[in-house]
Chemist: 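Have a look at this one.
Note that the structure is a prediction, hence the values are computed from the model and not measured. Quick note on labels: first sequence line is chain A, next is B, and so on, each numbered from 1.
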Amino acid sequence: MLIADSLTFEAGRRALVRDVSFSIRPGELLLILGANGAGKSTLLKMLSGEKSPTSGTVKLHDKEINRYSPSLLALKRGVMNQQNVINMAFTVSEIVMMGRYPHYKNNPLVNDSKIIQQVMELTGVNDFAERSYLTLSGGEQQRVQLARVLAQIWDVPNALLLMDEPVASLDLRYQQQTLAIAKMLTKRGFMVISILHDINLAAQYGDRLLLLKNGRKWYDGTPAEVLSSKNIYEVFEIDSDVYTNPRTLKHFFIPKDVKITS
Amino acid sequence: MLILALLISAGLSMGLGAVQIPLKEVIVILGKKIGLFSEIPVSIQHEGVLNIVRIPRVILGLLVGAALGISGTAVQGIFRNPLAEPGLIGISAGASLMAVIIIVLEATLLVGLSNIMGYYIMAFGAFAGAGIAALIVYQISRTDGKSNVATMLLAGIAINALAGALTGLITYAADDQQLRNITFWMLGSLAGATWETVISLLPFVLIPLLLLPGMGKALNAFSLGEIQAAQLGLKVNVVKRNVVILATMAVGAAVAVSGIIGFIGLLVPHTIRLVIGVDNKHVLPASALFGALMLTISDMICRIIIAPIELPIGVITALMGTPLFLYILVKDKKKLVI
């Protein structure tokens, strides 16, 4: 269980996140949506323990997140960051193995090698496991990073997985694949929170959507509850039509043209 | 294999120089020390040269080379940049500034200090200089409890320029003899090797050599990024501080006894990475060994090339290092991303 209680984050005199509260249970996939600068990444950084809120608390399994030692926290939650820059020519499997670092002291155990094998197959990076990370395309690198984070929490019960735009540079197939992996993890009792930009992808996979605007929580609910033309206009300021897929009964939206007059 | 090459070159290096001693005799003389070959007669002159000059010199070369090699790897790991080396972030310049100050002041203030104390003063002074430089660079680059690598490198450049200018200024206060010392020392040399220098250097190099290889995992995690390393449970600031202290210690002391020997800290880790990969668990010990090997060979060359006169070792490391470095760069352009 993760509980965010009236989180506020101020940078200078500007509040980037204002009074956001919500909670998530094991087995839930929560997707955070919002316009650029709405405070999504800042919120996620407070949830991961990277930033301390100006006021408010984050509790993971009934304990405040900043009271965990870094090494204990690393055994409870994994974070997939938006930006990952590596300058050294590590091989893919070496990078994925770094996800297991919190679990072993000097040398990886058989179990660690087994786990990185599993997550590399799952994320489709197995074919280039021995290639240098630096020679990969942006999307391939992102999948390697996902594999690394999955390796970190693969065998942790009720682990928390936080992802900041995990599908940003992925092709269609791996966008679906990534969300499907997240969904599968929730079936195993994980709590997954991810920032997404693609509303349709969010509606397709999310158990719950959290819509942020100007640092505030604007809507919080199931895709069916939250996604309407009116709500989307409020948060993103674009006109759209929202339909229901007759086969899956899930919502999807089609944006209307934006007119620019010069 | 590295260890074997190291042993052979150390043996050769002990034999070669102004007085030539065959490798066989070197082995016999070394063997006598641990009770072997006591029945084989050797030249007393050769034994004396080995004991007083060659052995301490080779050991000094091994220590300095290992110190520079492993510190280069560690600093590159912390800065997450294969271009970083102790020279770049002001550590060497800080050490040399303090050392020059000590050389110049020695005549006026520190007269009467015993030899061994003198070496320790030099080592401590250089360590302090290196430490102060590292500390300034480190503090400047910190914002919100995190350090910014770009700022750190730029601050290092500034500290280098400042320390260089101050060093230049101080040389005006030096007399002719000191000036010659300073010049020779700025190009690096192992010629000052005695048992005293070896002993004064030993703790400063041994501690980093023992502790740094254990930080391979932490440095690997660092290469993912500081935030990512913290998410993997690393106490990022503690690791950074420890590495900077250990690298400063090794480099400062090495500079104190042998002057500024360029290129080892940059070249050695690069070469090792291209051969055995970038996993710091292996790169750290390997670059200590390879650094020791490089420096022993360089020292040997600078002693025999125009014997009995010696070249400064910095000249040789640069002459040997640059072509090799450029060759690697051109050959493996694709593997290197900076």
Chemist: Nearest 0.5 Å, what's the NZ-CE distance between Lys217(B) and Met98(A)?
Modeler: 11.0 Å
Chemist: Does Lys281(B), at its NZ atom, have more than 12 non-hydrogen atoms belonging to other residues, nucleotides or ligands within less than 6.0 Å?
Modeler: yes
Chemist: Quick one: closest heavy-atom pair of Ile86(A) and Ser223(B), and the distance?
Modeler: CG1-O, 3.6 Å
Chemist: Using non-hydrogen atoms and a limit below 4.5 Å, what part of residues 63-82 of chain A faces chain B?
Modeler: Pro70(A), Ser71(A), Ala74(A), Arg77(A), Val79(A), Asn81(A)
Chemist: Please test Gln231(B) against Gln152(A) for side chain to side chain contact (heavy atoms under 4.5 Å, CB included), starting from the C-alpha separation and ending with a verdict.
Modeler: CA-CA 10 Å; Gln231(B) 286 161 353; Gln152(A) 185 185 343; 5.5 Å; no
Chemist: Show every side chain to side chain donor-acceptor pair (under 3.5 Å) that has at least one partner inside residues 28-40 of chain A, sequence neighbours left out.
Modeler: Glu28(A)-Arg208(A)
Chemist: Please enumerate all residues that pass side-chain contact (heavy atoms from CB on, under 4.5 Å) together with Ala147(A), with sequence neighbours excluded.
Modeler: Val96(A), Val119(A), Thr123(A), Val125(A)
Chemist: Nearest 0.5 Å, please: how far is CG in Asn84(A) from CG in Leu224(B)?
Modeler: 7.5 Å
Chemist: If you count heavy atoms of other groups shown closer than 6.0 angstrom to CZ of Arg188(A), is the number above 12?
Modeler: yes
Chemist: Non-hydrogen atoms of chain B under 4.5 Å away: do they reach the side chain of Lys105(A), the backbone, both or neither?
Modeler: backbone
Chemist: Look up atom CG in Asn220(B) and atom CE in Met88(A), then write down how far apart they are to the nearest 0.5 Å.
Modeler: 9.5 Å
Chemist: Applying salt bridge (Lys or Arg N to Asp or Glu O under 4.0 Å), name anything that partners Asp112(A), two or more places apart in sequence or on another chain.
Modeler: Arg100(A)
Chemist: Quick one: pull up NZ in Lys51(A) and CD1 in Ile227(B) and give me the separation to the nearest 0.5 Å.
Modeler: 8.0 Å
